[in-house]
There are 2 protein chains.
Amino acid sequence: MRRNAVLKPLPSEDDQAARFVRQREADRTAVAEDYVELIADLLRAEGEARAVDLARRMGVSQATVANTITRLQRDGLVETRPYRGLFLTEAGAELATRAKARHELVVRFLIAVGLDAETAEADAEGLEHHASEKALAAFARFLDAHNGKRR
Amino acid sequence: MRRNAVLKPLPSEDDQAARFVRQREADRTAVAEDYVELIADLLRAEGEARAVDLARRMGVSQATVANTITRLQRDGLVETRPYRGLFLTEAGAELATRAKARHELVVRFLIAVGLDAETAEADAEGLEHHASEKALAAFARFLDAHNGKRR
DNA sequence: TCCAAAACTTAGCCTAGGCTATAGAGTGAT
DNA sequence: ATCACTCTATAGCCTAGGCTAAGTTTTGGA
Ligand SMILES: [Mn+2]
Ligand SMILES: [Mn+2]
Ligand SMILES: [Mn+2]
Ligand SMILES: [Mn+2]
């Protein structure tokens with residue numbers, strides 16, 4: 001049992017800066033990912049995705065949804081037909097598919113490492129946006145191994 | 001092998017909204033956590049934490065650091081002695097300690113599930129802010145079990 | 001057919017967190 | 001003691017993402 005381990009030296013300035021820069025980048029894309037994922041879910045489950053429902057499910061005002069949708073339209077992810085709901089473009093649908101797969105993977109991984117399903121769902125909503133491709137691959141490998149042993 | 005599993009129904013509006021609200025809350029505290037953690041690291045490793053160095057290590061302009069530090073001061077986490085560097089208040093030091101412990105836990109956990117050390121460090125910088133206490137507890141339990149088997 | 005309720009939009013406001021450019025202050029080496 | 005260099009501060013700007021309040025438009029049920 002090694003107490004007083006050697007103090008880990010600071011990472012290089014550039015390395016550390018790169019990490020924070022990437023983190024900020026992930027934060028910037030998180031809202032778009034959550035919106036398109038939710039729109040896809042609503043289209044599947046309810047047949048339509050209304051801005052009002054988005055607002056309720058995102059825990060945000062209608063005005064905020066309107067603003068956000070404007071940005072998503074500008075970015076070519078969403079189309080609107082007023083009083084008829086929201087729709088995803090090709091790019092939007094593609095992003096939604098990836099977001100959902102990633103979301104599900106993170107949830108299953110969290111459950112596999114011992115988290116209860118409720119908390120897994122809640123935490124995944126934030127964690128998903130910060131797991132790199134390498135991390136997701138590691139999660140998937142872990143799930144494979146875990147299921148191999150267990151199931 | 002169960003294909004075509006039953007489609008998971010949407011969570012209730014309130015539950016889902018609560019998740020997103022919590023996620024936004026976590027995002028708002030992330031910057032403060034990263035700053036105080038970095039300030040503590042610099043104080044330990046270099047003996048002082050200068051705003052200039054913060055800027056370099058956060059990958060951000062000096063003006064941005066000045067702005068952020070103003071907020072952290074307003075929130076009672078940081079004190080400044082111009083041309084002498086930054087210091088943590090009681091509350092700041094306490095937050096830094098918790099942030100660092102959490103950061104280390106997340107890194108060790110990611111490595112334990114198969115991620116390389118470099119990526120673990122990078123991803124932890126974002127993931128740490130979205131892991132609930134329950135998730136952290138699960139990570140710690142996993143590490144214990146893992147070390148029990150391995151070491 | 002009509003009209004109230006629901007859905008959507010718009011205006012105006014705010015904070016966090018970024019930026020560049022420029023000015024000012026302090027330090028330390030000569 | 002000076003002064004160049006480093007550090008800090010300030011001004012002015014921007015976008016994302018929130019909000020409330022007050023319209024406007026559409027829809028569908030009576
Ligand atoms: Mn999410
Ligand atoms: Mn999600
Ligand atoms: Mn961080
Ligand atoms: Mn950290």
Side-chain angles (χ1 to χ4, degrees), chain A residues 13 17-36 38-39 42-43 46-87 125-126 129, chain B residues 13 17-36 38-39 42-43 46-87 125-126 129:
Chain A
E13 289 181 343
R19 291 175 197 166
F20 285 118
V21 167
R22 227 193 271 174
Q23 194 199 331
R24 287 195 294 272
E25 170 62 26
D27 274 328
R28 274 203 309 279
T29 59
V31 169
E33 291 166 353
D34 285 337
Y35 268 70
V36 296
L38 181 49
I39 289 169
L42 285 169
L43 285 172
E46 319 265 306
E48 61 176 14
R50 310 295 287 236
V52 211
D53 299 320
L54 268 278
R56 270 193 293 264
R57 301 197 99 97
M58 298 294 306
V60 124
S61 74
Q62 285 195 32
T64 294
V65 167
N67 256 327
T68 304
I69 292 300
T70 299
R71 281 197 309 278
L72 297 181
Q73 264 185 298
R74 180 202 63 191
D75 296 343
L77 297 170
V78 163
E79 280 160 9
T80 74
R81 283 197 264 156
Y83 302 95
R84 205 121 310 215
L86 306 169
F87 301 88
E125 204 54 79
H129 308 286
Chain B
E13 290 182 341
R19 291 175 196 165
F20 284 118
V21 167
R22 228 194 268 176
Q23 194 198 333
R24 288 195 294 272
E25 170 62 27
D27 274 328
R28 273 202 308 279
T29 58
V31 168
E33 290 166 353
D34 285 338
Y35 268 71
V36 296
L38 181 49
I39 290 169
L42 285 169
L43 286 171
E46 319 265 305
E48 62 176 15
R50 310 297 285 239
V52 211
D53 299 319
L54 268 278
R56 270 194 292 266
R57 301 198 99 98
M58 298 295 306
V60 124
S61 74
Q62 287 193 30
T64 294
V65 167
N67 257 328
T68 304
I69 292 300
T70 300
R71 279 198 309 279
L72 297 181
Q73 264 186 298
R74 179 201 63 190
D75 296 342
L77 297 170
V78 163
E79 280 161 8
T80 75
R81 283 196 264 156
Y83 303 95
R84 205 120 313 212
L86 306 169
F87 301 87
E125 203 54 79
H129 308 286

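Bear in mind that the values here come from a model prediction, so they are computed numbers and not experimental data. Below, read A as the first sequence line, B as the second, and so on, with proteins coming before strands; counting in each chain starts at 1.
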Legend entry - Under 4.0 Å protein heavy-atom contact, by nucleotide of nucleotides 17-23 of chain C - B base, S sugar-phosphate only: SBBB---

Inset, instruction - Go along nucleotides 24-30 of chain C 5' to 3' and tag each nucleotide: B for a protein heavy atom under 4.0 Å from its base, S when only backbone or sugar atoms are that close, - otherwise. - result: BBSS---

Less than 4.5 Å apart, any side-chain heavy atom of [X] and any of [Y]?
X	Y	value
A:V60	B:R24	yes
A:V78	A:Y35	no
A:L42	A:R50	no

Inset, instruction - To the nearest 0.5 angstrom, please state how far the CG atom of B:L54 sits from the OG1 atom of B:T68. - result: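 Reported to 0.5 Å precision, the distance equals 9.0 Å.
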
Inset, instruction - Report the residue from B:D27, B:V31, B:D34 that forms a side-chain contact (heavy atoms from CB on, under 4.5 Å) with B:H129. - result: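 Testing each of B:D27, B:V31, B:D34 against B:H129, the sole residue satisfying side-chain contact (heavy atoms from CB on, under 4.5 Å) is B:D34.
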
Legend entry - B:Q73 and its side-chain contact (heavy atoms from CB on, under 4.5 Å) partner, picked from B:I69, B:D75, B:L77: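 The single option meeting the side-chain contact (heavy atoms from CB on, under 4.5 Å) with B:Q73 is B:I69.
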
Spacing of [X] atom [atom1] relative to [N] atom [atom2], expressed in whole Å:
X	N	atom1	atom2	answer
B:I69	D:dC7	CD1	P	15 Å
B:D53	D:dC7	CG	P	7 Å
A:L72	D:dT15	CG	C1'	14 Å
B:E48	D:dC7	CD	C1'	11 Å

Inset, instruction - Could you tell me whether A:D53 and A:R56 make a salt bridge, using a distance below 4.0 angstrom between a side-chain N and a carboxylate O? - result: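 Salt bridge present between A:D53 and A:R56.
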
Legend entry - Ion pair A:R28/A:E25, N-O distance below 4.0 Å: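 Counted as a salt bridge, because a side-chain N and a carboxylate O are separated by less than 4.0 Å.
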
Inset, instruction - With pairs defined as Watson-Crick or G-U wobble and both distances under 3.5 angstrom, please note down DNA chain D as a dot-bracket string, | for pairing with another strand. - result: ||||||||||||||||||||||||||||||

Legend entry - Nearest non-hydrogen partners of B:G59 and A:V21, listed with the distance: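 Answer, listing the atom of B:G59 first, then A:V21: O-CG2, 4.1 Å.
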
Inset, instruction - Considering non-hydrogen atoms only, spot the tightest contact between B:R57 and A:F20 and give its length. - result: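 Looking at all heavy atoms of both residues, the closest pair is O-CD1, 3.3 Å.
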
Inset, instruction - Check every strand shown and say whether A:R81 touches a base, only sugar-phosphate, or nothing at a heavy-atom separation below 4.0 Å. - result: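 Nothing, no nucleic acid heavy atom in range.
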
Inset, instruction - Report, as yes or no, whether the 6.0 Å neighbourhood of atom CZ on B:R22 holds more than 12 heavy atoms from other residues, nucleotides or ligands. - result: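 Open: at most 12 neighbouring heavy atoms sit under 6.0 Å from CZ of B:R22.
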
Inset, instruction - Consider the side chain of B:V52, meaning its heavy atoms from C-beta on, and name the nucleotide among D:dT10, D:dC7, C:dA7 that approaches it most closely. - result: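 Minimum distance to the B:V52 side chain belongs to D:dC7.
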
